[in-house]
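These notes are about the structure you will find just below.
Counting convention: from 1, in listed order, for ligands and their atoms alike.
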Amino acid sequence: MNKSYQNIVILTGAGISAESGLATFRGANGLWNNYNVQDVASVEGFARNPTLVHQFYNELRPEILKAKPNAAHLAITKLQKEYAANVSIITQNVDTLHEQAGNENVYHIHGQFDQYVCLNCGHIFHNLNDITPQTPCPYCLVKGRLKPNIVFFGENLLYMDKVETLLETCDLFLSIGTSGTVFPAANFVQIAKKNKAETYEFTLEETSNNFFFDHHIYGKAGETFPDFVLELLKRT
Ligand code: OAD
């Protein structure tokens, strides 16, 4: 951290929401210890058993709705308000804690928990109610074609054109709370690095793609990231 930056990209994963009370996917108490990822988060799983997939997201929704942004989300708001750079957030999280904290320029590459898409008419709509395979689309009224607007394994990520531009032009890449195991997001650091960005990761433990990071800051993001932002602001 020895210069001022113009274009900052922050990649976030489940770890940034852990201190808000939301479970991560991997590790002790991870969601994927209790559910088979291929059953509830893949195109094939959804085709095989949509009832199970709807039930999974119907149960997750109230948990997400209870959560409030934590100090790491709020530190991003501070950075966006007080540091003279473009700061963009690429999040793998389907919660909306970034928005609740007042973060701007947020790209949900894995979709959002509060949206559904109708596979019949293509409408994407806001929804906080329980959904079953019998629920009709509020637009075309056809039953059985609603899908959580969440990117399942086997589907393309959202906003990828914008994301590529952000990665190719950033001079500081910060990764917070992601294990670096799910591609292509795990590869974003490599693209940023290739374009000479300085790279930091904030995580509890060593990640799968740690060799691409210049700096590793271990600990709870709600503690480490606000300190990092203060340090950055001091150097402007
Ligand atoms: P993971 O559960 O794989 O990894 C969470 C990471 O956060 C780990 O590296 C932890 O060390 C770290 N962590 C946990 N608590 C933390 C804290 N308080 N502060 C800082 N770091 C902490 O979650 P993701 O990498 O986000 O996709 O998983 C990527 C994707 O896998 C998810 O978006 C999801 C899943 O399948 C979909 O559902 C589409």
Tell me yes or no: between the side chains of Thr169 and Asn7, is some donor less than 3.5 Å from an acceptor?
no
Closest contact, heavy atoms only, Cys121 versus Cys137:
SG-SG, 3.8 Å
Just checking, is any N or O donor in the side chain of His216 or Glu206 under 3.5 Å from an acceptor N or O on the other one?
no
In this structure, would Val182 and Tyr107 fall into the same cluster of hydrophobic residues linked by side-chain contacts under 4.5 Å?
no
With side chains defined as the heavy atoms from C-beta onward, is the minimum distance between Ile90 and Lys162 less than 4.5 Å?
no
How are the rings of Phe25 and Trp32 set relative to one another: parallel (under 30°), tilted (30 to 60°) or perpendicular (over 60°)?
tilted
Sorted by chain and residue number, the residues with a non-hydrogen atom under 4.0 Å of ligand 1 are Gly13, Ala14, Gly15, Ala18, Glu19, Thr24, Phe25, Arg26, Trp32, Gln92, His110, Val151, Phe153, Gly177, Thr178, Ser179, Val182, Thr203, Leu204, Glu205, Gly219, Lys220, Ala221
